[in-house]
Engineer: 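Take a look at the following structure, please.
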Amino acid sequence: MRKHIIFIAAAFAAMLPVSCEKMGAIGGSVNSTEQLDMTTSQWLASQDETEVVARLFEAAGLNDVIDGNVTLIAPNKWSVNRYIRRHNSINRKPADEERYTLDSLLNEDLSRMLMYVYPGIWTLDDIPEEGIILKSLDNSQEVLLTYDEVNSDPTAAYDGGNVAGNGYQYSNFLMTSPKILHALFKRGENWETNYLDRLSMGFDKPECDQAYKMYVSNVRTSNGVVNVLYVGDSAYAEQYFYHSLFFYGTRSDDK
């Protein structure tokens, strides 16, 4: 028995230098600045979800703009795909005519991409508790930015009796709860900050404000902040509403 014990101990001892070396490689280094070593345009181009959005900004000649001290509430590849699909659905052509494609979009006047660019660097730490209203660089769009704790989302609490913050959510096992950014885009003359007001008006109405969660938020690039839009916000019904580039079309045009 003693021989077996000595053999195992020796084998384990032989493994120690290798294991320690691997652990050192995994450890990496701490980025105390919380910033990426790349610009906003570079980061967009590096991500599968936003690579096509980077192409749109580049085609619009706006790389220098988004690489300034700005906050981006950016579309994503699904936003672009939805825009193209809706364009073909709304402007139906005979089968032998050329359909609208990404190349068609890249040849458009893309100055409207400025509606997603807001002056100043607004991280989650900079946004006051009551939220902040920002106006895009071209003054064409206002957005209300707010945030809350991840586990305040009622749809994430199925096993907690649909009570926000209850249930076996991963955030309940952390020492601090992550924050999630919400963006409410003003689409008409008045704000509809309340979900019931938007529901009553009808989400597909052009003047109905559009509320979104982020696919990813608070990305600190070397020059600014990037947030990427994802899905409709606030309640289960509204979460069926996905963002379309330039807020173009309605759900019925997704066919």
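From a predicted model like this one, the values you see are computed outputs, not experimental measurements. Quick note: residue numbers are just sequence positions, from 1.
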Engineer: If you measure from CZ on Arg86 to CZ on Arg251, what distance do you get to the nearest 0.5 Å?
Structural biologist: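 The CZ atom of Arg251 is 9.5 Å from CZ of Arg86, to the nearest 0.5 Å.
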
Engineer: Please report the shortest heavy-atom distance between Met113 and Val117, naming the atom on each side.
Structural biologist: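 Shortest heavy-atom separation between Met113 and Val117 comes out as O-CG2, 3.8 Å.
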
Engineer: Counting C-beta onward and ignoring hydrogens, is there a side-chain heavy-atom pair between His182 and Asp148 closer than 4.5 Å?
Structural biologist: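 Side-chain contact under 4.5 Å: yes.
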
Engineer: Between Leu144 and Ile132, does a side-chain contact (heavy atoms from CB on, under 4.5 Å) hold up when you go through it step by step?
Structural biologist: CA-CA 6 Å; Leu144 170 62; Ile132 189 168; 5.9 Å; no

Engineer: Does the pair Tyr83 and His243 meet the rule for a ring-ring contact (aromatic ring centres under 6.0 Å, His included), with working shown?
Structural biologist: CA-CA 9 Å; Tyr83 177 84; His243 178 257; over 10 Å; no

Engineer: Contact between Thr40 and Leu72 at the side-chain level, heavy atoms closer than 4.5 Å - yes or no?
Structural biologist: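 The answer is yes, as the side chains (C-beta and beyond) meet within the 4.5 Å cut-off.
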
Engineer: Kindly say whether Thr123 contributes a backbone atom to a donor-acceptor pair with the side chain of Asn218 at under 3.5 angstrom?
Structural biologist: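 Between the backbone of Thr123 and the side chain of Asn218 there is no qualifying donor-acceptor contact (under 3.5 Å).
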
Engineer: Do side-chain atoms of Ser136 reach the backbone of Gln141 as a donor and acceptor pair under 3.5 angstrom?
Structural biologist: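 Such a contact is found between Ser136 side chain and Gln141 backbone.
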
Engineer: Can you hop from Met115 to Val225 via hydrophobic side chains spaced under 4.5 Å?
Structural biologist: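 No, no single cluster joins them.
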
Engineer: How about CD on Glu97, more than 12 heavy atoms from neighbouring residues, nucleotides or ligands closer than 6.0 Å, or not?
Structural biologist: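 Yes, the 6.0 Å shell around CD holds more than 12 heavy atoms from other groups.
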
Engineer: Search all heavy atoms of Val52 against all heavy atoms of Lys77 and return the closest pair with its distance.
Structural biologist: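 Shortest heavy-atom separation between Val52 and Lys77 comes out as CG1-CA, 3.7 Å.
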
Engineer: Could you check whether any side-chain heavy atom of Phe203 comes within less than 4.5 Å of a side-chain heavy atom of Thr250, counting everything from C-beta outward?
Structural biologist: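 They are not in side-chain contact.
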
Engineer: How about CD on Glu129, more than 12 heavy atoms from neighbouring residues, nucleotides or ligands closer than 6.0 Å, or not?
Structural biologist: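 Check fails, neighbour count at 12 or below.
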
Engineer: Can you confirm whether more than 12 heavy atoms, excluding those of Asp64, are under 6.0 Å from its CG atom?
Structural biologist: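 Not more than 12 within 6.0 Å, no.
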
Engineer: Is there a continuous path of hydrophobic side-chain contacts, each under 4.5 Å between heavy atoms, that joins Leu199 to Leu184?
Structural biologist: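 Hydrophobic grouping puts Leu199 apart from Leu184.
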
Engineer: So which heavy atom on Leu181 is nearest to which on Ser217, and how close?
Structural biologist: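 Nearest pair, atom of Leu181 first, then Ser217: CB-CB, 4.0 Å.
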
Engineer: Check for me, please, whether Leu106 and Leu62 land in the same ILVMFWY cluster - side-chain distances under 4.5 Å, paths through other members count.
Structural biologist: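 Yes, same cluster.
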
Engineer: Would you sort out whether Tyr147 and Ile180 count as a side-chain contact (heavy atoms from CB on, under 4.5 Å), showing the intermediate values?
Structural biologist: CA-CA 5 Å; Tyr147 68 87; Ile180 185 169; over 6 Å; no

Engineer: Please report the C-alpha distance between Val65 and Asp67 in whole Å, then the side-chain angles of each, then the deciding distance to 0.1 Å, and finally whether the side-chain contact (heavy atoms from CB on, under 4.5 Å) criterion is met.
Structural biologist: CA-CA 5 Å; Val65 174; Asp67 286 342; over 6 Å; no

Engineer: Applying side-chain contact (heavy atoms from CB on, under 4.5 Å), name anything that partners Glu58, two or more places apart in sequence or on another chain.
Structural biologist: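 Result, side-chain contact (heavy atoms from CB on, under 4.5 Å) vs Glu58: Asn63.
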
Engineer: Look at the side chain of Arg220 and the backbone N and O of Glu34, then say whether any donor-acceptor pair between them is shorter than 3.5 Å.
Structural biologist: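 Absent.
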
Engineer: Working to the nearest 0.5 Å, report the span between CZ of Phe57 and OG1 of Thr50.
Structural biologist: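 Here the interatomic distance stands at 10.0 Å.
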
Engineer: Output the distance between atom SG (Cys208) and atom CZ (Phe241), rounded to the nearest 0.5 Å.
Structural biologist: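 The distance works out to 8.0 Å.
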
Engineer: At their closest point, which heavy atom of Ala54 faces which heavy atom of Ser41, and how far apart are they?
Structural biologist: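 Closest approach of Ala54 to Ser41, heavy atoms only: CB-O, 4.2 Å.
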
Engineer: Which heavy-atom pair separates Ser222 from Gln35 by the least distance, and what is that distance?
Structural biologist: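 So the two residues come closest at O-NE2, 3.8 Å.
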
Engineer: Less than 4.5 Å apart, any side-chain heavy atom of Thr39 and any of Thr221?
Structural biologist: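 No - every pair of side-chain heavy atoms lies 4.5 Å or more apart.
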
Engineer: Hydrophobic clustering (ILVMFWY, side-chain heavy atoms < 4.5 Å, transitive) - are Leu137 and Ile121 grouped together?
Structural biologist: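 Not linked; separate clusters.
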
Engineer: Distance-only, no hydrogens or angles: does the Lys186 side chain make a donor-acceptor pair with backbone N or O of Glu189 under 3.5 Å?
Structural biologist: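 At least one qualifying donor-acceptor pair exists.
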
Engineer: Can you check whether Tyr242 reaches Arg82 side chain to side chain, under 4.5 Å on heavy atoms?
Structural biologist: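 Tyr242 vs Arg82: side chains touch.
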
Engineer: To the nearest 0.5 Å, what is the distance between NZ (Lys213) and CG (Asn227)?
Structural biologist: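 Here the interatomic distance stands at 15.0 Å.
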
Engineer: Go through the steps for Arg85 and Asp253 under the test salt bridge (Lys or Arg N to Asp or Glu O under 4.0 Å), then give the verdict.
Structural biologist: CA-CA 7 Å; Arg85 289 187 61 178; Asp253 302 314; over 6 Å; no

Engineer: If I take atom OG from residue Ser79 and atom CG from residue Asn81, how far apart are they, to the nearest 0.5 angstrom?
Structural biologist: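 Separation between the atoms: 9.5 Å.
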
Engineer: Please check if the side chain of Glu142 supplies one atom and the backbone of Ile133 the other of a donor-acceptor pair under 3.5 Å.
Structural biologist: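 Here the side-chain-to-backbone pair does not exist.
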
Engineer: Would you say Arg112 and Ser140 make side-chain contact, with heavy atoms under 4.5 Å?
Structural biologist: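 No, side chains not in contact.
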
Engineer: Is a side-chain N or O of Asn107 found less than 3.5 angstrom from the main chain of Asp103, in a donor-acceptor match?
Structural biologist: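 Such a contact is found between Asn107 side chain and Asp103 backbone.
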
Engineer: For the pair Phe185 and Asp209, evaluate side-chain contact (heavy atoms from CB on, under 4.5 Å) and give the outcome as yes or no after the intermediate values.
Structural biologist: CA-CA 6 Å; Phe185 291 90; Asp209 293 350; over 6 Å; no

Engineer: How are the rings of Phe247 and Tyr212 set to each other: parallel, tilted or perpendicular (split at 30° and 60°)?
Structural biologist: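 Rings of Phe247 and Tyr212: tilted, 30 to 60°.
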
Engineer: Looking only at the aromatic ring of each residue, does the gap between the centers of His87 and Phe246 stay below 6.0 angstrom?
Structural biologist: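 Distance test on ring centres: not under 6.0 Å, no.
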
Engineer: State whether the side chain of Asp197 and the backbone N or O of Thr193 hold a donor-acceptor pair below 3.5 Å, judged by distance alone.
Structural biologist: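 Judged by distance alone, no pair lies under 3.5 Å.
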
Engineer: Begin from the C-alpha positions of Glu238 and Arg198 and carry the test salt bridge (Lys or Arg N to Asp or Glu O under 4.0 Å) through to its verdict.
Structural biologist: CA-CA 9 Å; Glu238 197 169 33; Arg198 298 193 294 275; 2.7 Å; yes

Engineer: Can you measure from CE (Met214) to CG (Leu124) and round to the nearest 0.5 angstrom?
Structural biologist: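 One gets 10.0 Å once the value is rounded to the nearest 0.5 Å.
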
Engineer: Give a yes or no on whether the backbone of Pro75 and the side-chain of Trp78 come within a donor-acceptor separation of less than 3.5 Å.
Structural biologist: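 No; judged by distance alone, with no hydrogens or angles, the pair does not exist.
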
Engineer: Evaluate the side-chain proximity of Asp233 to Val231: yes if any heavy-atom separation is below 4.5 Å, no if none is.
Structural biologist: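 Contact flag for Val231/Asp233 side chains = no.
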
Engineer: Mind checking whether Tyr100 and Leu110 sit in one hydrophobic cluster, side chains of I, L, V, M, F, W, Y counted as touching below 4.5 Å?
Structural biologist: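 The answer is yes; both residues are in one hydrophobic cluster.
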
Engineer: Are the side chains of Leu105 and Leu245 in touch, meaning some heavy atoms are under 4.5 Å apart?
Structural biologist: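 Of all side-chain heavy-atom pairs linking Leu245 with Leu105, at least one is under 4.5 Å.
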
Engineer: Where is the tightest heavy-atom contact between Asp138 and Ser111, given as atom of each residue plus distance?
Structural biologist: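 Smallest interatomic distance, heavy atoms only, reads OD2-O, 4.4 Å.
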
